[in-house]
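So the structure is just underneath, and the comments pick up after that.
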Protein chains: 2
Amino acid sequence: MDKRDLIISAALKLFVNNGFHGTATSKIAQEAGVANGTLFQYFKTKDELIIALYIHFKDELVEYVSRNTAENADIKETIKTQVLSSLFWAIDNPTKFRFIQQFHTSPYIGQVEQDILNKQVEPHLALIQKAIKQGIIKPMPADLVYLLITNQVFCFYLFVTSKKLSKAKQHETIETTFEMLWDMIT
Amino acid sequence: MDKRDLIISAALKLFVNNGFHGTATSKIAQEAGVANGTLFQYFKTKDELIIALYIHFKDELVEYVSRNTAENADIKETIKTQVLSSLFWAIDNPTKFRFIQQFHTSPYIGQVEQDILNKQVEPHLALIQKAIKQGIIKPMPADLVYLLITNQVFCFYLFVTSKKLSKAKQHETIETTFEMLWDMIT
DNA sequence: ATATAATGATTGACTAATCAGTCAATACTT
DNA sequence: AAGTATTGACTGATTAGTCAATCATTATAT
């Protein structure tokens, strides 16, 4: 694990526990076991670190989902796989997922270039639009459907983590709630 | 408008724009047009101010919703009225609503006494439980249903504010999406 | 009615602590 | 020996919170 990674995971932990400004860069360096100055070698400013963290973990999630998405399954199966793998990633990486949520509702989200945000959303929007054209999903704005789906994921995540369900029970709940979601939008 | 209210609205504005720790208490006092020390007369610490703000606005929302809820309508009508009035409140008070969301995903949420959180949620949970017993809503954990509903409200809010829809178009979208939500959980 | 006292609200200069970020010195690699 | 990565003491700026002094308001006494 190189110093950059040490800094990233220390920062993740402290930001989620104490908030962005509630975490001093010196505390991050300490937690990472590196010197104060080293942090600024890898990230020019604290803001740059925070934004880099968001892009880093969001990319990790996007990559995980696309790696788990079958190439030529039908649309329902594709969307289902994407929803479920997002959720599994969130359950396995609660701190990273909470960081993303915290970032989304913070003023920092405005500092991320629109290009980067679009690039992560575009493929999903395209898939939804395709499903709407084929008459699978109800005719409605694609970005509303996207919002409904992503919020459902967040919702499942909150539920699954608040109760301490067994893996089997988790899967069962996720399956039923996905079918409910699917019924809603089709 | 007394000083306490001036401080509250100044704090709301700055916290939403700059984050909790990104906002200095001196800036809040300045924005409110009161002296530094006056802020600490009304709120012993900055943390106390932040938490008081959350409870204040959450109460405002809860009160608004319950004021708009008909006494003896049927369950669907009751829940529908609650969802719609939450949403209208959010649209009319975007800064307050964003503050609540920002607070929810921040570490401060852990500092709010469980009693206070429960008191706001309980009546809604009771209503959902009643609907489940009567076989109106599908048999599933009441708190999951509650999560699904509140997240849907957040989702509508994001959609309605991202597009700049006319009031009429807003109502139309909200009506259809509520029916979708209702179909999903019943 | 007027003066005086008492109470409480408000002020802003102040402090000790903390912060992000720098940089000259040091350690490690090639 | 040259180049690169790392260090941590340091700085100027900013922070939350304090407090003695001032101001406003109301109550009491003459």
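Chain letters run A, B, ... following the sequence lines, proteins first, then strands; residues in each count from 1.
Side chains of B:Gln170 and B:Phe88 form no contact here, defined as non-hydrogen atoms less than 4.5 Å apart.
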Exercise. What pattern of brackets, bars and dots sums up DNA chain C from 5' to 3', given Watson-Crick or G-U wobble pairs under 3.5 Å, [ ] for crossing pairs and | for another strand?
Worked result: ||||||||||||||||||||||||||||||
Dump every N/O contact between nucleotides 19-26 of chain D and the protein below 3.5 Å, one line per pair.
none

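Across the protein-nucleic acid pair, A:Ile28 atom CD1 and C:dC19 atom P stand 11 Å apart, rounded to whole Å.
The nucleotide whose nearest atom lies closest to any side-chain atom of A:Gln41 is, among D:dT6, D:dA16, C:dG21, D:dT6.
Between B:Lys169 and B:Glu172 there is a salt bridge, since at least one side-chain N of the basic residue sits less than 4.0 Å from a carboxylate O of the acidic one. By the 4.0 Å N-to-carboxylate-O rule, A:Lys130 lies too far from A:Asp74 to be salt-bridged with it.
A chain of hydrophobic side-chain contacts below 4.5 Å, direct or via other Ile, Leu, Val, Met, Phe, Trp or Tyr residues, connects A:Phe103 to A:Ile28.
Aromatic ring orientation, B:Tyr146 versus B:His124: parallel (interplanar angle below 30°, classes split at 30° and 60°).
In this structure, B:Phe178 has its ring center no closer than 6.0 Å to that of B:His171. Taking the six-membered ring for Trp and the full ring otherwise, the centers of A:Phe97 and A:Tyr157 sit less than 6.0 Å from each other.
If you take NZ on A:Lys27 and CZ on A:Phe15, they are separated by 12.5 Å, rounding to the nearest 0.5 Å.
Note on B:Lys3: a side-chain N or O is less than 4.0 Å away from OP1 or OP2 of C:dT11. Look at A:Tyr42 and you'll find a side-chain N or O under 4.0 angstrom from OP1 or OP2 of D:dT6.
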